[in-house]
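Single-structure report; data block below.
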Amino acid sequence: QVQLVESGGGLVQPGGSLRLSCAASRSIFSIYAMGWYRQAPGKQRELVATITSSGRTNYGDPVKGRFTISRDNAKNTVYLQMNSLKPEDTAVYYCNAVGSGWWGQGTQVTVSS
């Protein structure tokens with residue numbers, strides 16, 4: 001019943017934009033805050049952004065002012081709009097139902113010239 005599926009990753013040039021999507025089961029949206037996390041090769045997983053069921057958002061320092069997390073309750077989907085991308089944003093991005101232990105499979109984002 002619980003399912004998280006990310007999409008939208010790809011290769012972009014520095015300064016470019018990309019939007020990630022995470023489709024979740026209906027029950028997830030009413031119970032958990034949703035979050036995006038990322039992990040680059042050889043580095044620890046880090047928080048990118050979270051959004052509660054009521055729309056409250058929180059961002060990791062490296063992405064503040066550049067990324068925006070949002071949700072569409074009708075579609076049971078959370079989005080991550082990434083602007084002004086930098087090479088250091090390169091990572092696998094994971095969708096998470098915060099506190100549930102449920103994670104998506106991840107989607108690769110590569111920022112390179």
Determine yes or no for a side-chain-to-main-chain donor-acceptor pair under 3.5 angstrom, with Thr90 supplying the side chain and Thr110 the backbone.
no
Donor-acceptor pair, side chain of Arg71 and main chain of Thr52, under 3.5 angstrom
yes
Are any of the side-chain heavy atoms of Trp36 and Cys22 separated by less than 4.5 Å?
yes
Measuring only between side-chain heavy atoms, which start at C-beta, is Asn76 closer than 4.5 Å to Ile28?
no
Answer whether the closest heavy-atom distance between the side chains of Tyr59 and Thr68 falls below 4.5 Å.
yes
Without swapping roles, check the side chain of Gln105 against the backbone of Glu6 for a donor-acceptor pair under 3.5 Å.
yes
Can you see which heavy atom on Ser17 is nearest to which on Asn83, and at what distance?
OG-OD1, 2.9 Å
More than 12 heavy atoms of other residues, nucleotides or ligands under 6.0 Å from NZ of Lys64: is that the case?
yes
So does Asp89 pair up with Lys86, basic N to acidic O under 4.0 Å?
no
How are the rings of Trp103 and Tyr94 set relative to one another: parallel (under 30°), tilted (30 to 60°) or perpendicular (over 60°)?
perpendicular
Tell me the closest heavy-atom pair linking Val98 and Tyr37, and the distance in Å.
CG2-OH, 3.9 Å
Arg19 to Tyr79, cation-pi by 6.0 Å centre distance and 45° axis angle
yes
